[in-house]
Amino acid sequence: MKRITIAIDGHSSCGKSTMAKNLARELGYIYIDTGAMYRSVTLYAMQNGLIGAGHAIDTEGLRQAMPKIDITFKFNPETGRPDTYLNGKCVEKEIRTLEVSNNVSPIATLGFVREAMVRKQRLMGREGGVILDGRDIGTVVFPDAELKIFVTASDEIRARRRYDELIAKGEDVRYEDILKNVRERDYIDTHRDISPLTQAADAIVLDNSNLTIPEQQEWLLKLTKEAVSASE
Ligand code: DC
(Lines give C-alpha, C1' and ligand atoms only; values in the text may rest on other atoms or scores of the structure.)
Protein backbone atom coordinates (compact mmCIF):
# COMPACT_ATOMS: atom_id res chain seq x y z
CA MET A 1 0.00 0.00 0.00
CA LYS A 2 1.34 3.43 -0.90
CA ARG A 3 2.45 5.49 2.10
CA ILE A 4 0.95 8.91 1.55
CA THR A 5 1.42 12.36 3.10
CA ILE A 6 -1.46 13.65 5.23
CA ALA A 7 -1.76 17.35 6.12
CA ILE A 8 -4.00 18.33 9.03
CA ASP A 9 -4.33 22.09 9.38
CA GLY A 10 -6.70 24.21 11.40
CA HIS A 11 -7.32 26.48 14.35
CA SER A 12 -5.57 26.10 17.69
CA SER A 13 -6.91 23.60 20.23
CA CYS A 14 -9.33 21.88 17.89
CA GLY A 15 -7.94 18.40 18.48
CA LYS A 16 -5.68 18.14 15.43
CA SER A 17 -2.90 16.45 17.36
CA THR A 18 -5.23 13.82 18.87
CA MET A 19 -6.54 13.01 15.39
CA ALA A 20 -3.06 12.88 13.91
CA LYS A 21 -1.60 10.81 16.73
CA ASN A 22 -4.38 8.21 16.62
CA LEU A 23 -4.28 7.93 12.85
CA ALA A 24 -0.48 7.60 12.86
CA ARG A 25 -0.73 4.76 15.36
CA GLU A 26 -3.39 3.00 13.31
CA LEU A 27 -1.44 3.27 10.04
CA GLY A 28 2.10 2.95 11.39
CA TYR A 29 2.92 6.40 10.05
CA ILE A 30 5.24 9.04 11.52
CA TYR A 31 3.46 11.92 13.26
CA ILE A 32 5.03 15.38 13.19
CA ASP A 33 3.53 17.98 15.53
CA THR A 34 4.71 21.20 13.83
CA GLY A 35 3.13 23.42 16.52
CA ALA A 36 5.52 21.77 19.00
CA MET A 37 8.41 23.02 16.86
CA TYR A 38 7.23 26.66 17.02
CA ARG A 39 6.58 26.18 20.73
CA SER A 40 10.14 24.89 21.21
CA VAL A 41 11.64 27.94 19.49
CA THR A 42 9.46 30.08 21.79
CA LEU A 43 10.63 28.21 24.88
CA TYR A 44 14.26 28.67 23.81
CA ALA A 45 13.65 32.41 23.34
CA MET A 46 12.01 32.66 26.78
CA GLN A 47 14.80 30.73 28.49
CA ASN A 48 17.51 32.80 26.84
CA GLY A 49 16.20 36.29 27.52
CA LEU A 50 15.05 36.86 23.94
CA ILE A 51 11.47 37.73 24.93
CA GLY A 52 11.05 40.78 27.14
CA ALA A 53 8.15 42.48 28.86
CA GLY A 54 4.94 42.76 26.82
CA HIS A 55 6.05 39.85 24.58
CA ALA A 56 8.72 42.04 22.86
CA ILE A 57 11.01 39.75 20.86
CA ASP A 58 14.75 40.36 20.41
CA THR A 59 14.45 39.49 16.71
CA GLU A 60 18.15 39.89 15.89
CA GLY A 61 19.18 37.83 18.91
CA LEU A 62 16.78 35.06 17.89
CA ARG A 63 17.93 35.13 14.27
CA GLN A 64 21.51 34.58 15.40
CA ALA A 65 20.47 31.86 17.84
CA MET A 66 18.54 29.80 15.24
CA PRO A 67 21.49 27.51 14.33
CA LYS A 68 21.79 26.66 18.03
CA ILE A 69 18.17 25.47 18.27
CA ASP A 70 17.94 21.75 17.63
CA ILE A 71 14.45 20.21 17.72
CA THR A 72 13.89 16.46 17.53
CA PHE A 73 11.11 14.00 18.29
CA LYS A 74 11.31 10.66 20.03
CA PHE A 75 8.37 8.24 20.19
CA ASN A 76 7.08 7.71 23.73
CA PRO A 77 5.45 4.26 24.00
CA GLU A 78 3.63 5.30 27.21
CA THR A 79 1.69 8.16 25.63
CA GLY A 80 1.70 6.72 22.11
CA ARG A 81 2.94 10.00 20.67
CA PRO A 82 6.30 11.62 20.03
CA ASP A 83 7.90 13.71 22.75
CA THR A 84 9.59 16.93 21.69
CA TYR A 85 13.27 17.47 22.53
CA LEU A 86 14.96 20.87 22.53
CA ASN A 87 18.75 20.58 22.35
CA GLY A 88 18.57 17.03 23.68
CA LYS A 89 16.19 17.77 26.59
CA CYS A 90 12.59 16.58 26.67
CA VAL A 91 10.42 19.73 26.79
CA GLU A 92 7.02 18.15 26.21
CA LYS A 93 5.58 19.61 29.43
CA GLU A 94 7.22 23.06 29.27
CA ILE A 95 6.08 23.82 25.70
CA ARG A 96 2.39 23.24 26.57
CA THR A 97 2.14 25.89 29.34
CA LEU A 98 -0.09 28.94 28.94
CA GLU A 99 3.04 31.13 29.13
CA VAL A 100 4.45 29.51 25.98
CA SER A 101 0.99 29.65 24.33
CA ASN A 102 0.89 33.38 25.05
CA ASN A 103 4.23 33.96 23.29
CA VAL A 104 4.20 31.48 20.43
CA SER A 105 2.06 33.22 17.79
CA PRO A 106 4.33 36.30 17.46
CA ILE A 107 7.37 33.99 17.18
CA ALA A 108 5.57 32.03 14.43
CA THR A 109 5.12 35.23 12.38
CA LEU A 110 8.90 35.58 11.89
CA GLY A 111 10.01 34.65 8.38
CA PHE A 112 13.41 33.25 9.38
CA VAL A 113 11.80 31.03 12.04
CA ARG A 114 9.23 29.71 9.54
CA GLU A 115 11.88 29.03 6.89
CA ALA A 116 13.96 26.98 9.32
CA MET A 117 10.92 25.00 10.55
CA VAL A 118 9.54 24.34 7.05
CA ARG A 119 12.95 23.11 5.86
CA LYS A 120 13.09 20.68 8.77
CA GLN A 121 9.49 19.51 8.26
CA ARG A 122 10.10 18.77 4.57
CA LEU A 123 13.20 16.81 5.47
CA MET A 124 11.40 14.75 8.11
CA GLY A 125 8.45 14.05 5.81
CA ARG A 126 10.28 13.45 2.55
CA GLU A 127 9.76 9.66 2.51
CA GLY A 128 5.94 9.82 2.85
CA GLY A 129 4.05 7.70 5.38
CA VAL A 130 3.71 10.81 7.45
CA ILE A 131 1.03 12.91 9.13
CA LEU A 132 1.79 16.53 9.93
CA ASP A 133 -0.47 18.87 11.85
CA GLY A 134 -0.16 22.64 11.84
CA ARG A 135 -1.35 25.76 10.08
CA ASP A 136 0.45 25.77 6.71
CA ILE A 137 1.04 22.10 5.94
CA GLY A 138 -1.40 21.75 3.03
CA THR A 139 -0.71 25.25 1.68
CA VAL A 140 3.08 25.63 2.07
CA VAL A 141 4.98 22.68 3.55
CA PHE A 142 3.45 19.86 1.49
CA PRO A 143 1.12 21.44 -1.10
CA ASP A 144 1.08 18.09 -2.96
CA ALA A 145 -0.07 16.07 0.08
CA GLU A 146 -2.45 13.32 -1.03
CA LEU A 147 -4.91 14.13 1.78
CA LYS A 148 -5.56 17.55 3.31
CA ILE A 149 -7.91 18.13 6.23
CA PHE A 150 -8.89 21.51 7.64
CA VAL A 151 -10.21 21.20 11.20
CA THR A 152 -12.21 23.73 13.11
CA ALA A 153 -14.58 24.05 16.09
CA SER A 154 -16.17 26.98 17.93
CA ASP A 155 -13.74 29.09 20.00
CA GLU A 156 -15.63 28.38 23.26
CA ILE A 157 -15.43 24.63 22.70
CA ARG A 158 -11.73 24.84 21.86
CA ALA A 159 -11.04 26.94 24.96
CA ARG A 160 -12.98 24.49 27.13
CA ARG A 161 -10.95 21.56 25.77
CA ARG A 162 -7.63 23.33 26.38
CA TYR A 163 -8.80 24.42 29.87
CA ASP A 164 -9.73 20.83 30.83
CA GLU A 165 -6.38 19.61 29.51
CA LEU A 166 -4.33 22.14 31.51
CA ILE A 167 -6.38 21.62 34.69
CA ALA A 168 -5.86 17.85 34.35
CA LYS A 169 -2.10 18.55 34.19
CA GLY A 170 -2.36 20.52 37.44
CA GLU A 171 -1.96 24.02 35.98
CA ASP A 172 -3.65 26.91 37.77
CA VAL A 173 -5.54 28.59 34.89
CA ARG A 174 -8.80 30.46 34.34
CA TYR A 175 -11.22 29.61 31.50
CA GLU A 176 -11.52 33.32 30.53
CA ASP A 177 -7.74 33.60 30.07
CA ILE A 178 -7.67 30.51 27.86
CA LEU A 179 -10.55 31.80 25.73
CA LYS A 180 -8.72 35.13 25.30
CA ASN A 181 -5.55 33.27 24.29
CA VAL A 182 -7.43 31.07 21.77
CA ARG A 183 -9.01 34.17 20.17
CA GLU A 184 -5.74 36.11 20.10
CA ARG A 185 -3.88 33.21 18.52
CA ASP A 186 -6.63 32.75 15.91
CA TYR A 187 -6.32 36.43 15.02
CA ILE A 188 -2.51 36.42 14.73
CA ASP A 189 -2.40 33.05 12.93
CA THR A 190 -4.93 34.14 10.29
CA HIS A 191 -3.66 37.71 9.81
CA ARG A 192 0.13 37.29 9.64
CA ASP A 193 1.89 38.20 6.37
CA ILE A 194 3.82 34.95 5.89
CA SER A 195 1.91 31.67 5.52
CA PRO A 196 -1.27 32.74 7.35
CA LEU A 197 -3.67 30.00 8.41
CA THR A 198 -5.96 29.45 5.43
CA GLN A 199 -7.79 26.49 4.10
CA ALA A 200 -6.11 24.92 1.05
CA ALA A 201 -8.48 24.89 -1.93
CA ASP A 202 -8.40 21.09 -2.02
CA ALA A 203 -8.72 20.54 1.75
CA ILE A 204 -11.70 18.73 3.27
CA VAL A 205 -13.26 20.65 6.16
CA LEU A 206 -14.10 19.01 9.46
CA ASP A 207 -16.02 20.98 12.11
CA ASN A 208 -15.66 18.70 15.11
CA SER A 209 -17.58 20.87 17.63
CA ASN A 210 -20.13 18.13 18.16
CA LEU A 211 -18.17 15.00 17.30
CA THR A 212 -16.67 12.49 19.70
CA ILE A 213 -13.06 11.41 19.19
CA PRO A 214 -14.06 7.91 17.93
CA GLU A 215 -16.52 9.51 15.45
CA GLN A 216 -13.89 11.79 13.99
CA GLN A 217 -11.35 8.95 13.89
CA GLU A 218 -13.75 6.82 11.87
CA TRP A 219 -14.37 9.71 9.46
CA LEU A 220 -10.64 10.29 9.03
CA LEU A 221 -9.79 6.64 8.49
CA LYS A 222 -12.40 6.34 5.76
CA LEU A 223 -11.00 9.41 3.98
CA THR A 224 -7.45 8.11 4.33
CA LYS A 225 -8.36 4.77 2.74
CA GLU A 226 -9.98 6.62 -0.16
CA ALA A 227 -6.94 8.87 -0.59
CA VAL A 228 -4.56 5.88 -0.56
CA SER A 229 -6.66 4.07 -3.21
CA ALA A 230 -6.82 7.22 -5.36
CA SER A 231 -3.05 7.67 -5.23
CA GLU A 232 -2.18 4.10 -6.30
O1 DC B 1 -0.83 23.75 17.17
P2 DC B 1 -0.28 24.58 18.33
O3 DC B 1 -1.33 25.30 19.11
O4 DC B 1 0.62 23.78 19.22
O5 DC B 1 0.63 25.71 17.62
C6 DC B 1 1.30 26.68 18.36
C7 DC B 1 1.45 27.94 17.53
O8 DC B 1 2.39 27.73 16.48
C9 DC B 1 0.18 28.48 16.91
O10 DC B 1 -0.29 29.63 17.59
C11 DC B 1 0.57 28.87 15.50
C12 DC B 1 1.94 28.33 15.28
N13 DC B 1 2.04 27.36 14.19
C14 DC B 1 2.27 27.83 12.93
O15 DC B 1 2.35 29.04 12.74
N16 DC B 1 2.47 26.96 11.90
C17 DC B 1 2.40 25.64 12.10
N18 DC B 1 2.61 24.81 11.07
C19 DC B 1 2.11 25.14 13.39
C20 DC B 1 1.92 26.02 14.42
Side-chain angles (χ1 to χ4, degrees), residues 5-21 31-46 51 55 57 62 69 71 73 81-84 86 91-125 130-143 145 148-153 155 157-163 165-166 169 171 173 177-200 203 208:
T5 299
I6 301 173
I8 302 184
D9 288 305
H11 293 103
S12 63
S13 308
C14 59
K16 299 186 297 294
S17 63
T18 303
M19 285 175 79
K21 175 191 82 172
Y31 163 46
I32 301 170
D33 175 352
T34 66
M37 298 171 71
Y38 291 94
R39 287 174 178 273
S40 298
V41 174
T42 306
L43 181 67
Y44 180 95
M46 286 164 53
I51 300 183
H55 310 309
I57 303 165
L62 183 58
I69 302 179
I71 301 162
F73 294 103
R81 57 173 292 161
D83 283 341
T84 313
L86 171 61
V91 289
E92 203 42 50
K93 193 157 187 280
E94 290 96 319
I95 60 171
R96 311 282 169 195
T97 60
L98 188 56
E99 208 189 344
V100 169
S101 296
N102 281 333
N103 284 299
V104 64
S105 281
I107 293 277
T109 64
L110 299 171
F112 63 87
V113 171
R114 301 204 70 83
E115 274 166 33
M117 297 303 109
V118 169
R119 207 177 311 123
K120 208 169 165 48
Q121 289 153 17
R122 286 186 179 145
L123 204 62
M124 290 191 284
V130 72
I131 304 170
L132 299 97
D133 81 38
R135 305 292 187 288
D136 58 345
I137 310 304
T139 50
V140 175
V141 184
F142 285 110
K148 298 181 187 178
I149 310 288
F150 189 87
V151 196
T152 190
D155 45 9
I157 285 183
R158 289 184 286 131
R160 174 62 57 188
R161 289 177 185 159
R162 174 83 26 135
Y163 173 80
E165 209 176 278
L166 291 172
K169 283 181 188 165
E171 274 209 50
V173 288
D177 294 336
I178 310 274
L179 181 61
K180 185 165 170 274
N181 171 260
V182 162
R183 288 180 173 156
E184 275 171 8
R185 281 202 292 150
D186 279 356
Y187 185 85
I188 301 176
D189 293 348
T190 50
H191 287 79
R192 66 179 176 228
D193 289 339
I194 310 168
S195 311
L197 169 64
T198 68
Q199 186 193 322
N208 67 8

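Note that ligands are numbered from 1 as they come in the structure, with each ligand's atoms numbered from 1 the same way.
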**Message:** Is a donor from one side chain sitting under 3.5 angstrom from an acceptor on the other, for D177 and Y163?
**Reply:**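 Their side chains do not contain a donor-acceptor pair, so the 3.5 Å distance test is not met.
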**Request:** Go through the side-chain N and O atoms of D193 and T109 and say whether any donor and acceptor fall under 3.5 Å apart.
**Result:**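 No - no donor-acceptor pair under 3.5 Å links their side chains.
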**Asked** Are P82 and D33 side-chain neighbours, meaning at least one heavy-atom pair lies under 4.5 Å?
**Response** no
Say whether [X], considering both its backbone and side-chain N or O atoms, lies within less than 3.5 Å of an N or O atom on ligand 1.
X	value
R192	yes
R96	no
R39	yes

**Item:** Main-chain N/O of I71 paired to K120 side chain as donor or acceptor, under 3.5 Å
**Value:**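 Yes; at least one donor-acceptor contact below 3.5 Å.
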**Prompt:** Has the side chain of K21 got a donor or acceptor atom that lies under 3.5 Å from a matching backbone atom of R81?
**Reply:**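 Checking the backbone N and O of R81 against the side chain of K21, no donor-acceptor pair under 3.5 Å is found.
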**Prompt:** What part of R185, side chain, backbone, both or neither, has a heavy atom within less than 4.0 angstrom of ligand 1?
**Reply:**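 Within the 4.0 Å criterion, R185 contacts ligand 1 through side-chain atoms alone.
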**Request:** Could you tell me which residues satisfy salt bridge (Lys or Arg N to Asp or Glu O under 4.0 Å) with R160, sequence neighbours excluded, listed by chain and number?
**Result:** none
Return the residue, atom name and 0.1 Å-rounded distance of the protein heavy atom closest to [atom].
atom	answer
atom 19 (C) of ligand 1	T34 OG1, 3.3 Å
atom 18 (N) of ligand 1	D136 OD1, 2.8 Å
atom 10 (O) of ligand 1	S105 OG, 2.9 Å

**Asked** Which ligand 1 atoms, with their elements, are less than 4.0 angstrom from a heavy-atom of A108?
**Response**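 Every atom of ligand 1 under 4.0 Å from some heavy atom of A108: 12 (C), 15 (O).
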**Worked check of salt bridge (charged side-chain N to carboxylate O under 4.0 Å, His left out) between K180 and E184** = CA-CA 6 Å; K180 185 165 170 274; E184 275 171 8; 3.3 Å; yes
**Request:** Could you tell me if any non-hydrogen atom of R114 lies under 4.0 Å from any atom of ligand 1?
**Result:** yes
